[in-house]
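Proteins come first, then strands; the chains are lettered A, B, ... in the order of their sequence lines, and each starts at number 1.
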Amino acid sequence: MKIKHINNTSEFAQTLLQWNKLDNTRQMPWKGEKDPYKVWLSEIILQQTRVEQGLAYYNSFIKKFSNIKKLAAAPDDTVFKLWEGLGYYSRCRNLLATARYISKEKDGVFPSTYEEIVQLKGVGPYTAAAIASFVYNLPHAVVDGNVFRVLSRVFGIDTPIDTTAGKKYFTQLADELLPVKQAGIYNQALMDFGAVVCKPAAPLCETCPFNTSCIALKNKVVDFLPVKEKKLVQKTRFFYFMALQQDGKTYIQQRTGKDIWKDLYQYPLVETADAQPVAAVIKMAKAAGIIPAGAALIHASQPVKQQLTHQKVHGILVQVKVPAAYKAPATYIAVTPKTLQQYAFPKLIHLLWQQENN
DNA sequence: AAAGCGGGGGC
DNA sequence: GCCCCAGCTTT
C-alpha cells in the first residue's frame with residue numbers, strides 16, 4: 001500500500017517539532033525518562049486512561065516499587081490494591097507477570113528491541129513503539145488515539161480507525177512521517193499535540209500550526225474525524241452482594257472467569273437480569289448455596305448505579321446474619337472490617353460502602 | 001473481524 | 001446521555 005496525497009512528509013514532522021520546541025509546556029514525570037521500567041509502567045497505566053487519572057497511580061507505584069524486581073516480589077493482592085480504581089484490571093495481572101518474567105528470566109534487565117518488547121504480556125504495538133522510541137530512540141512510530149485523530153484531520157483521512165485496514169493505513173502513514181533520528185521526541189510531541197491542541201472536542205484550530213494546511217479544517221469536517229465504524233452495545237446487570245455477618249466477621253471471594261473485575265474481590269454474589277425483591281434474592285441465594293438456610297435478613301441497602309463503557313450495573317448490599325455453626329465454602333475468605341481493607345474491590349462496592357456510611 | 005474489558009471527565 | 005482516553009487480549 002502506498003500513501004498518496006502527501007507530498008512532503010518531513011514538513012509535517014518539522015512543523016510538529018517546532019511546535020513542541022516553542023509551545024509545548026506539557027510536563028509529566030516519565031517524560032524524558034530513560035529507565036525502561038518507569039516508561040513501561042507509565043505506558044501500561046496510561047492505556048485507555050487519561051494522563052490526569054493515571055498520574056497518582058504512577059507515583060504510588062514508583063514510590064512503593066522503585067525497580068522491577070521489587071514489583072516482581074510483591075504479593076498479587078498488594079499490587080492489585082495499588083491498582084484498585086484504575087480499571088482494566090488485566091493490565092495489572094499482565095504487569096505482574098511481565099515484572100516476574102523479566103526479574104526471573106532476564107535477571108531484571110528490560111529488553112531493548114521492539115521485537116522483544118512487543119512480545120511482553122500486556123504490551124502491544126503502541127506500547128512497544130512508545131518504550132522503544134522513548135527509551136532507546138528506536139524508529140517506531142506510536143499510533144494511539146491522539147495519533148489517529150491528528151493524522152485523520154491534518155491529512156483528511158476518513159478511513160475508519162477501528163478496522164484492520166484503518167489501523168494498517170494509519171500505522172504506515174505514521175511510520176512514513178516519523179523523523180527516524182528523533183523518534184522519541186517526535187512521538188512524545190505528536191501525542192502531546194493531540195492532547196493539548198488537536199483535542200477530540202473543541203480543538204484549538206485558531207492557533208494550530210497546521211491551520212493553513214489541515215484538510216479537515218479546510219473541508220469543515222474537523223468534528224467528524226476520525227471516523228469510527230462500530231457502535232457499542234449496552235448491557236444492564238443487577239448485582240446483589242450478600243454480606244454474611246457471623247460473629248464480627250464477613251466473607252469475600254475473588255472474582256474469576258471471563259467477566260468484569262476479574263481478580264478483584266467481592267461479597268458472595270447473586271446476579272440477576274432485572275431488579276428483584278430482597279426476599280426473592282435471599283431465596284435464590286439459599287437455593288444456590290451462597291448463604292445457609294438459617295440466614296436472616298438484617299438490612300438491604302438502597303441500590304447504587306455505575307455506568308461502565310458497555311454495561312450499566314446496579315448494586316445492592318444485602319446484609320444477612322448467619323448461624324455461628326455455619327461452615328463457609330472453601331472459596332470464601334473470612335475477613336474482619338480491618339483485614340477487609342487489604343483487598344482490592346470494584347468501584348461499585350466502594351459506592352455501596354460510601355452510601356451505607358451516609 | 002469482533003467482542004470484551006473500568007473508570008473518569010468533557011460536553 | 002454519549003464519546004473518548006498514551007490499547008490489548010481473547011474468541
Enquirer: Closer than 3.5 angstrom, by distance alone: can the side chain of A:Arg237 be matched with the main-chain N or O of A:Lys312 as a donor-acceptor pair?
Expert: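 No: the side chain of A:Arg237 does not pair with the backbone of A:Lys312.
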Enquirer: Take atom P in C:dA6 and the same atom in B:dG10, then report the distance between them in whole Å.
Expert: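 Taking atom P in both C:dA6 and B:dG10, they lie 13 Å apart.
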Enquirer: Nearest heavy atom decides the nucleotide; on that basis, is A:Glu229 or A:Ile260 closer to the 5' end of DNA chain B?
Expert: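 Its nearest nucleotide lies further toward 5', so the answer is A:Glu229.
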Enquirer: Report the C-alpha distance between A:Tyr332 and A:Ile252 in whole Å, list the side-chain angles of each, state the deciding distance to 0.1 Å, and finish with yes or no for side chain to side chain contact (heavy atoms under 4.5 Å, CB included).
Expert: CA-CA 6 Å; A:Tyr332 284 24; A:Ile252 60 173; over 6 Å; no
Enquirer: Rounding to an integer number of Å, can you tell me how far A:Asp223 CG sits from B:dG10 P?
Expert: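 Rounded to whole Å, this separation is 18 Å.
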Enquirer: Is any side-chain nitrogen or oxygen of A:Trp261 closer than 4.0 Å to OP1 or OP2 of B:dG7?
Expert: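 Yes, A:Trp261 has a side-chain N/O under 4.0 Å of OP1/OP2 on B:dG7.
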Enquirer: Verify the contact: side-chain N or O of A:Tyr89 to OP1 or OP2 of B:dG7, cut-off strictly under 4.0 Å; return yes or no.
Expert: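 Yes, within the criterion.
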Enquirer: Quickly work out the A:Gln48 CD to B:dA3 P distance and round it to whole Å.
Expert: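 It is 17 Å, rounded to the nearest whole Å.
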Enquirer: So A:Asn187, base contact, sugar-phosphate only, or nothing? Heavy-atom distance under 4.0 Å.
Expert: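 Answer is nothing: A:Asn187 stays at 4.0 Å or more from every strand.
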Enquirer: Rounded to whole Å, please give me the gap between NZ in A:Lys235 and P in B:dG6.
Expert: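 Distance, rounded to whole Å: 12 Å.
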Enquirer: Without decimals, in angstroms, what is the distance between A:Gln234 CD and B:dC5 P?
Expert: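 My rounded result for the distance is 12 Å.
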Enquirer: Report the stems of DNA chain B as range-with-range entries sorted by first number; a stem here is at least three consecutive pairs, Watson-Crick or G-U wobble, both distances under 3.5 Å, and write none if there are none.
Expert: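 Looking at DNA chain B, the stems formed by three or more consecutive pairs are B:1-5 with C:7-11, B:7-11 with C:1-5.
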Enquirer: Per the atom types in the model, does the base of B:dG8 pair as donor or acceptor with the side chain of A:Thr49 at under 3.5 Å?
Expert: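 Donor-acceptor pair under 3.5 Å: no.
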Enquirer: Roughly how far apart, to the nearest Å, are C:dT10 and B:dG6 at atom P?
Expert: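 These two P atoms come out 14 Å apart once rounded.
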Enquirer: Name the nucleic acid region contacted by A:Ser42, choosing base, sugar-phosphate or nothing; use a 4.0 angstrom heavy-atom cut-off, strictly under.
Expert: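 Here A:Ser42 touches no strand at all.
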Enquirer: Using whole Å, what does the distance between atom C1' of nucleotide B:dG8 and atom CG of A:Leu308 come to?
Expert: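 For the pair A:Leu308 CG and B:dG8 C1', the rounded distance is 11 Å.
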Enquirer: Within the structure shown, what part of the strands sits under 4.0 Å from A:Gly85 by heavy-atom distance: base, sugar-phosphate, or nothing?
Expert: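 The answer is sugar-phosphate, as A:Gly85 gets under 4.0 Å only of primed atoms, P, OP1 or OP2.
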Enquirer: Mind calculating the distance between NE2 (A:His350) and P (B:dG7) to the nearest angstrom?
Expert: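 These atoms are roughly 9 Å apart.
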Enquirer: Using atom C1' of each nucleotide, how far apart are C:dC5 and B:dA1 to the nearest Å?
Expert: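 23 Å, rounded to whole Å.
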Enquirer: B:dG7 C1' sits how many Å from A:Lys312 NZ, rounded?
Expert: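 So the two atoms are 16 Å apart, to the nearest Å.
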Enquirer: Both A:Lys199 and A:Gln53 contact DNA chain B. Taking the nearest nucleotide for each, which residue is further toward the 5' end?
Expert: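 Final value for this comparison: A:Gln53.
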Enquirer: Could you tell me whether A:Leu86 contacts a base, only the sugar-phosphate backbone, or nothing, with contacts defined as non-hydrogen atoms closer than 4.0 Å?
Expert: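 Contact class for A:Leu86: base.
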Enquirer: Counting the atoms with a prime plus P, OP1 and OP2 as sugar-phosphate, which does A:Val233 contact under 4.0 Å by heavy atoms, base, sugar-phosphate, or nothing?
Expert: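 If one applies the 4.0 Å heavy-atom cut-off, A:Val233 turns out to touch nothing in the nucleic acid.
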Enquirer: Taking the side chain as every heavy atom from C-beta outward, state whether A:Gln342 and A:Val335 have any pair of such atoms under 4.5 Å apart.
Expert: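 They are not in side-chain contact.
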Enquirer: At under 4.0 Å between heavy atoms, what does A:Arg93 touch on the DNA or RNA strands: base, sugar-phosphate, or nothing?
Expert: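 Nothing: the residue A:Arg93, judged by heavy atoms under 4.0 Å, touches no strand.
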Enquirer: Which part of the nucleic acid, if any, lies within reach of A:Lys258 when heavy atoms closer than 4.0 Å are counted: base, sugar-phosphate only, or nothing?
Expert: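 Sugar-phosphate contact only - A:Lys258 comes under 4.0 Å of backbone atoms but never of a base.
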Enquirer: Mind checking A:Trp40 for me? I need base, sugar-phosphate or nothing, with any heavy atom below 4.0 Å counting as a touch.
Expert: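 Result for A:Trp40 = nothing.
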Enquirer: Within the 3.5 Å criterion, strictly below it, is a donor on A:Glu116 or A:Thr113 matched to an acceptor on the partner's side chain?
Expert: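 Short answer, yes.
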Enquirer: By nearest nucleotide on DNA chain C, pick out whichever of A:Arg50 and A:Thr127 is the more 5' one.
Expert: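 Looking at the nearest nucleotide for each, A:Arg50 comes out on the 5' side.
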Enquirer: Establish, from distance only, whether the side-chain atoms of A:Tyr343 and A:Glu84 form a donor-acceptor pair under 3.5 Å.
Expert: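 No.
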Enquirer: Chain A on DNA chain C: first and last contacting nucleotide, 5' to 3', under 4.0 Å to a heavy atom?
Expert: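 First-to-last contact on DNA chain C, by the 4.0 Å heavy-atom rule, is C:dC4 to C:dT11.
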Enquirer: Using distance alone, with no hydrogens and no angle criterion, decide if A:Gln182 and A:Gln188 have a side-chain donor and acceptor under 3.5 Å apart.
Expert: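 No, because no side-chain N or O of A:Gln182 sits under 3.5 Å from a partner of the opposite role on A:Gln188.
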Enquirer: Quiz question: by atom type and distance under 3.5 Å, do the side chains of A:Tyr251 and A:Gln246 form a donor-acceptor pair?
Expert: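 A pair is found: one side chain offers a donor N or O, the other an acceptor, under 3.5 Å apart.
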Enquirer: Using ring centroids (six-membered ring only for Trp), state whether A:Trp83 and A:Tyr57 fall under 6.0 Å.
Expert: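 So the answer is no for these two rings.
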Enquirer: Measuring to OP1 and OP2 of B:dC5, would you say a side-chain N or O of A:Gln311 lies under 4.0 angstrom away?
Expert: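 Checking B:dC5 against A:Gln311, a side-chain N or O does come within under 4.0 Å of OP1 or OP2.
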Enquirer: Using a 4.0 Å heavy-atom cut-off across all strands, classify A:Gln306 as base, sugar-phosphate, or nothing.
Expert: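 Result for A:Gln306 = sugar-phosphate.
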Enquirer: With a 6.0 Å cut-off on ring centres, are A:Phe210 and A:Phe193 close enough?
Expert: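 Yes, they do, as the ring centres are separated by less than 6.0 Å.
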Enquirer: Going from CD1 on A:Ile157 to CG on A:Leu225, what distance comes out if it is rounded to the nearest 0.5 angstrom?
Expert: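 Separation between the atoms: 9.0 Å.
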Enquirer: Please step through salt bridge (charged side-chain N to carboxylate O under 4.0 Å, His left out) for the pair A:Arg93 and A:Asp263, ending with a clear verdict.
Expert: CA-CA 8 Å; A:Arg93 171 63 57 204; A:Asp263 295 329; 3.1 Å; yes
Enquirer: More 5' along DNA chain C: A:Gln307 or A:Asn146, using each one's nearest nucleotide?
Expert: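 It is A:Gln307, whose closest nucleotide lies nearer the 5' terminus.
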Enquirer: Base, sugar-phosphate or nothing for A:Ser90? Non-hydrogen atoms, less than 4.0 Å.
Expert: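 Here A:Ser90 touches no strand at all.
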Enquirer: First locate atom CZ of A:Phe61, then atom OH of A:Tyr37, and finally report the distance between them rounded to the nearest 0.5 Å.
Expert: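 Here the interatomic distance stands at 8.0 Å.
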